Amino acid sequence: MTRIMKVSFVLSAVLGIAAGGAFGYSEGAELGESMRSIEPLAAGSVVSEFAAYQFHHADLEHARQAALLEISVREQLRTVAHNSDVDGALGLAYVRLAMVEGQAGNKAAESHAFEEARKWFSPPRPGQELSDERLKEFLNKMDEYGHSIPSEPKVKLTQ
Amino acid sequence: MRFPLVTSFCIASTIFVGSAFVGYKAVRFVSYHHSESRAFDSLGKQDAQELRTMLQTFTFLSHSRIVTKFEPSAANYHSALERNIPYLQKLRDHAPDQLRPPIDLRLATDYAEMAQFEKKAGHLAEADKATQSAQRILSSLGWRDLSADALNSLADQEIQPLRISEGKK
């Protein structure tokens, strides 16, 4: 093997690694970005569905724990994603908690949870608040449909 | 002289393609993990770590459901469930305590589905074993009704899309 051949082989390897690396770097970064947008959706969907199942099938203490887990996860998600869907989902998690407290007969805790829920929804008209019944009805519809991922909560909640 | 030139060109091209492939794979892996490890750093080290763990755990959980739910045939569905149960158990073992209940519910659902499949195949001992596993987990989750009907209903909600697609055929 001549010296020129050796040099050209080494050069081919170096150029190959550089070209592949450049392509791999941008794709790895893009993949990371995509995962960061998919992961919050998946996490939100999992906890909402879990809270819904527990609400309909478990005892009150376990249903409460599931609702609190959903609130905790939704609040964590809010630290990285701010939009009306994320806020609406957090509002619905509080509605779930309110419904659990209502079933447990804890009126004060129920009212407090509904108050927390209302903070995350835009009022249907200025100066008008969403009623507890309206919020319950919306969550019940979400449960019937599948699970609690609001697509356009502001539109659907408008009375 | 011409033959060694062609051979050298071919070898150099092979080296280039091989190196590019290795470089691409290695850098993509490093770049992705670097990007993941730096994500949410603005939240502070501990909060960012907690958020990453939560997101990864629930994304894996969500993925495991998609893998089983959209299997095209009953035979594939059964083997997907068989693969999924140990995967979920491993995920549960590595998850923080507060994130385990949703994984438990997923495991119970898989056992309930498994029990239905085994029963239909006439494997009654396996069906009983899967039913007991589902009931044990659901009991730990505070479920009020652990009857066979409740388990069937839980399993049916998952198997429904499969039945619909098979019905269309």
Side-chain angles (χ1 to χ4, degrees), chain A residues 1-2 4-6 8-36 38-47 49-51 53-54 56-66 68-70 72-73 76-77 79-80 146, chain B residues 4 7-9 11-36 38-40 42-43 47 50-52 54-63 65-66 98-99 101-106 109 138 140-145 150 154 157:
Chain A
M1 195 186 295
T2 66
I4 293 173
M5 282 164 78
K6 282 181 190 169
S8 65
F9 292 162
V10 170
L11 204 61
S12 300
V14 171
L15 286 173
I17 288 172
F23 194 54
Y25 179 81
S26 61
E27 201 166 286
E30 261 176 44
L31 193 62
E33 280 297 313
S34 307
M35 286 305 286
R36 272 197 291 285
I38 292 167
E39 284 174 340
L41 293 176
S45 164
V46 165
V47 285
E49 190 180 42
F50 174 65
Y53 266 106
Q54 290 295 89
H56 290 288
H57 298 284
D59 57 42
L60 287 172
E61 188 45 42
H62 284 86
R64 181 183 290 118
Q65 284 170 14
L68 290 171
L69 174 67
E70 187 185 1
S72 157
V73 167
Q76 272 185 291
L77 295 178
T79 60
V80 291
Chain B
T7 310
S8 300
F9 177 77
I11 293 172
S13 301
T14 308
I15 291 172
F16 177 82
V17 171
S19 308
F21 182 72
V22 172
Y24 164 74
K25 286 275 181 192
V27 174
R28 190 179 71 150
F29 179 82
V30 171
S31 166
Y32 171 68
H33 284 278
H34 176 71
S35 147
E36 280 284 289
R38 297 290 303 275
F40 319 128
S42 59
L43 301 177
D47 286 349
E50 274 179 24
L51 184 59
R52 270 197 295 270
M54 182 270 284
L55 288 174
Q56 281 167 2
T57 303
F58 287 150
T59 303
F60 283 134
L61 186 59
S62 187
H63 180 250
R65 184 188 185 191
I66 291 166
Q98 71 272 19
L99 303 184
I103 305 173
D104 286 340
L105 180 59
R106 185 81 244 129
T109 309
L138 292 176
S140 75
L141 290 172
W143 277 42
R144 297 180 301 261
D145 184 0
L154 178 65
Q157 285 174 39

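Keep in mind that what you see is a predicted model, and the values were worked out from it rather than measured. Sequence lines set the chain letters: A, B, ... in the order given, protein chains first and strands last, and positions in each chain run from 1.
When the candidates A:Gly21, A:Ala19, A:Gly16 are compared by the number of heavy-atom contacts under 4.5 Å with chain B, A:Gly16 comes out ahead. Among the candidates B:Ala150, B:Ala20, B:Gly18, the residue making the largest number of heavy-atom pairs closer than 4.5 Å to chain A is B:Ala20. No other option in B:Tyr24, B:Phe21, B:Phe29 has as many heavy-atom pairs under 4.5 Å with chain A as B:Tyr24.
At a 4.5 Å heavy-atom cutoff, the contact between A:Val73 and chain B is made by backbone and side-chain atoms alike. Looking at B:Leu105, the atoms closer than 4.5 Å to chain A (heavy atoms on both sides) all sit in the side chain, from C-beta outward.
More than 12 heavy atoms of other residues, nucleotides or ligands sit less than 6.0 Å from atom NE2 of B:His33. The number of heavy-atom neighbours closer than 6.0 Å to OH of A:Tyr25, taken from other residues, nucleotides and ligands shown, is 12 or below.
Paired with B:Trp143 under the rule side-chain hydrogen bond (donor to acceptor under 3.5 Å, both in side chains), one option of A:His56, A:His62, A:Gln54, A:His57 passes, and it is A:Gln54.
B:Ile15 contributes atom CD1, which lies 10.5 Å from atom CG of A:Leu11 (distance to the nearest 0.5 angstrom). To the nearest 0.5 angstrom, B:Arg28 atom CZ is 9.5 Å from A:Phe23 atom CZ. With values rounded to the nearest 0.5 angstrom, A:Tyr53 atom OH is found 10.5 Å from B:Leu138 atom CG. The line from CZ of A:Phe50 to CD1 of B:Ile103 is 10.0 Å long, rounded to the nearest 0.5 Å. With rounding to the nearest 0.5 angstrom, the CD atom of A:Gln76 is 4.0 Å from the CE atom of B:Met54. The CD atom of A:Glu39 sits 4.0 Å away from the OG1 atom of B:Thr59 when rounded to the nearest 0.5 Å.
Annotation: side-chain contact (heavy atoms from CB on, under 4.5 Å) contacts of A:Glu30 (sequence neighbours excluded): none.
When atom types are taken as modelled, the side chain of A:Ser12 and the backbone of B:Phe16 share no donor-acceptor pair closer than 3.5 angstrom. No side-chain donor-acceptor contact under 3.5 Å links B:His34 to the backbone of A:Ala29.
For the residue pair B:Gln98 and A:Leu69, the shortest heavy atom distance occurs at O-CD1, 3.5 Å.
Counting only residues at least two apart or in different chains, salt bridge (Lys or Arg N to Asp or Glu O under 4.0 Å) contacts with residues 12-24 of chain B are absent.
Between A:Ile17 and B:Val27, every side-chain heavy-atom pair lies at or beyond the 4.5 Å cut-off. Between B:Leu51 and A:Val80, some side-chain heavy-atom pair lies under the 4.5 Å cut-off.
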